[in-house]
Amino acid sequence: MDWYGVRSIIDYGGFYEERVVVFRATDFEDAIAQAERESNEYAEVLENTTATGFLQAYRMFDELQAGAEVYSLIRESDLELDDYLDRFFDNGLERQRTYEDDAPLCAKPSLGRAPITEQQIPGLVGSELVSVMFVLNDHLEIRFEDAHLTLYVWPVVRIGEREWRETDEGYADALRRLSCGQIQVATEIPGHGVRIELDTGDLVIDPRQEELEFADVGMIDVYKNRYTVWTAQVFPFEHLRSPKDSGEPAPPA
């Protein structure tokens with residue numbers, strides 16, 4: 001049996017994800033059959049998502065190890081290099097950010113996943129908040145039992161009748177007080193961001209426009225195999241302009 005890299009396309013409705021997954025198979029037909037099953041299962045766990053059935057297989061000549069070539073495709077074209085890259089790989093609609101050597105520390109390339117879709121996080125109800133980690137001048141990581149949340153903006157913390165923003169004294173302590181809380185309600189509200197209500201307090205992820213330094217608001221990894229990116233201008237943050245589109249310079253890091 002040989003290793004095969006199989007390329008598939010997933011349709012998120014206006015967004016398309018290109019994936020390359022490796023399989024051990026007896027031949028191309030076996031590799032395609034395995035990839036079809038896997039892509040269908042992958043799409044089934046996400047709402048409003050379809051496996052297109054478009055599959056291209058490549059038999060690997062290397063053993064599966066660091067540096068092994070898992071997929072290759074040669075395309076004939078009369079286009080010049082820059083035009084070719086713009087046409088097929090970098091036409092400006094990709095969910096990504098260019099990473100420059102002189103970019104500020106907190107500039108992160110997007111993971112390229114499709115934006116999170118409606119009614120995905122309500123399944124986290126009952127999950128316990130187990131840790132909060134501040135990565136200085138970079139991002140905030142919040143871990144639940146069933147999900148890992150990474151935020152590039154600071155959420156609002158509400159406990160009882162009081163509210164804390166990142167610039168308020170006691171903000172970090174308020175965040176820590178949410179630890180061990182259990183999620184009671186988790187909602188995505190179009191145009192109003194994300195609300196996570198715990199029995200210890202609430203997290204509100206709905207940054208002001210001036211707080212948005214990059215197009216990505218954050219990302220959520222659910223059940224260790226479903227991670228998606230929250231992006232400005234896309235549900236539930238369609239009310240936010242990305243810094244690039246706002247015509248205003250991003251604030252300094």
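For the numbers below, each heavy atom of this structure counts, side chains included, while hydrogens, waters and symmetry mates do not.
Between Gln184 and Val125, the shortest heavy-atom contact is O-CG1, 3.5 Å. Counting all heavy atoms, side chain and backbone alike, Thr200 lies closest to Gly181 at OG1-CA, 3.4 Å. Here the closest heavy-atom approach between residue Ala35 and residue Val6 is recorded as CB-CG1, 3.4 Å. The shortest non-hydrogen separation linking Pro190 to Glu238 is CB-OE2, 3.6 Å. In this structure, Thr231 and Phe237 approach most closely via the heavy-atom pair O-CB, 3.8 Å. Shown here for Ala68 and Leu64, the closest heavy-atom pair between the two residues is CB-CA, 4.3 Å.
Of the possible polar contacts, none joining the Asp30 side chain to the Ala25 backbone as a donor-acceptor pair under 3.5 Å is found. In this structure, the side chain of Asp27 engages the main chain of Glu29 through a donor-acceptor pair within 3.5 Å. The main-chain N or O of Trp164 is never found under 3.5 Å from a side-chain atom of Asp168 such that the two would form a donor-acceptor pair. Checking side-chain atoms of Glu41 against main-chain N and O of Glu38 turns up no donor-acceptor pair under 3.5 Å. A donor-acceptor pair under 3.5 Å links the side-chain atoms of Thr52 to the main chain of Phe54, judged by distance alone. Here the side chain of Ser39 pairs no donor or acceptor atom with the backbone of Ala51 at under 3.5 angstrom.
Ring geometry, Tyr84 versus Phe88: the interplanar angle falls from 30° to 60°, so the pair is classed tilted.
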Passes side-chain contact (heavy atoms from CB on, under 4.5 Å), Trp3 versus Val70? Steps please.
CA-CA 8 Å; Trp3 285 102; Val70 300; over 6 Å; no
If you apply the rule side-chain contact (heavy atoms from CB on, under 4.5 Å), what do you find for Asp2 with Met60, and how did you get there?
CA-CA 7 Å; Asp2 294 317; Met60 294 172 54; over 6 Å; no
Yes or no on side-chain contact (heavy atoms from CB on, under 4.5 Å) for Glu211 and Arg165, after CA distance, side-chain angles and deciding distance?
CA-CA 11 Å; Glu211 296 173 330; Arg165 293 184 176 272; 4.1 Å; yes
Under the criterion side-chain contact (heavy atoms from CB on, under 4.5 Å), I'd like the reasoning laid out for Val234 against Phe15: C-alpha separation, chi angles, the key distance, then a yes or no.
CA-CA 11 Å; Val234 178; Phe15 295 88; 4.3 Å; yes
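Each of Leu85, Leu81, Leu79 was scored for a side chain to side chain contact (heavy atoms under 4.5 Å, CB included) with Asp83, with one residue passing: Leu79.
There is a path of hydrophobic side-chain contacts, each under 4.5 Å, that joins Ile159 to Trp154. Cluster annotation: Leu212 and Val194 are assigned to the same hydrophobic cluster (Ile/Leu/Val/Met/Phe/Trp/Tyr, side-chain heavy-atom contacts under 4.5 Å, transitive). Hydrophobic clustering, with ILVMFWY side chains joined whenever heavy atoms are under 4.5 angstrom apart, keeps Val21 apart from Tyr71. Both Val45 and Tyr12 are assigned to one and the same hydrophobic cluster, defined by single-linkage of ILVMFWY side chains at heavy-atom distances under 4.5 Å. Note: the hydrophobic cluster containing Met1 does not contain Phe23 (ILVMFWY, side chain heavy atoms under 4.5 Å, direct or indirect links).
In this structure, CG in Asp206 is found 5.5 Å from CZ in Arg195, a value given to the nearest 0.5 Å. For the atom pair OH of Tyr16 and OG1 of Thr50, the computed distance is 9.5 Å after rounding to the nearest 0.5 Å. Expressed to the nearest 0.5 Å, how far CG of Leu129 lies from CG of Leu203 amounts to 7.0 Å. The distance from the CD1 atom of Ile9 to the CZ atom of Arg19 is 10.5 Å, given to the nearest 0.5 Å. Atom-to-atom distance recorded for Asp199:CG and Leu178:CG is 10.0 Å, nearest 0.5 angstrom. Atoms CH2 and CD1, from Trp230 and Ile205 in turn, are 4.5 Å apart once rounded to the nearest 0.5 Å.
Side-chain atoms of Glu163 and Val157, non-hydrogen and from C-beta on, never get closer than 4.5 Å to each other. Taking the side chain as every heavy atom from C-beta outward, Leu73 and Arg7 approach each other to under 4.5 Å. Looking only at side-chain heavy atoms (C-beta outward), Asp202 and Val185 stay at 4.5 Å or farther from each other. Contact of the Tyr152 side chain with the Val217 side chain is not registered, since no non-hydrogen atoms from C-beta on lie closer than 4.5 Å. Using a 4.5 Å heavy-atom threshold, the side chains of Ser127 and Gln182 count as separate. You'll find the side chain of Ile196 stays beyond 4.5 Å of the side chain of Ile142, heavy atoms only. Glu197 is not listed as a side-chain neighbour of Ile183, based on a closest heavy-atom distance of 4.5 Å or more. For the pair Pro155/Leu140, a side-chain contact is recorded, criterion being any heavy-atom separation below 4.5 Å from C-beta on.
Judged purely by distance below 3.5 Å, without hydrogens or angles, the side chains of Tyr4 and Gln34 never pair a donor atom with an acceptor atom.
Applying the salt bridge (charged side-chain N to carboxylate O under 4.0 Å, His left out) test to pairs two or more places apart or on separate chains, those with a residue in residues 176-187 are Asp173-Arg176.
Stacking of Arg87 on the aromatic ring of Phe89 is not recorded, the 6.0 Å distance cut-off and the 45° axial limit not both being met.
Atom NE2 of His192 sits in a sparse spot, with 12 or fewer heavy atoms from other residues, nucleotides or ligands closer than 6.0 Å.
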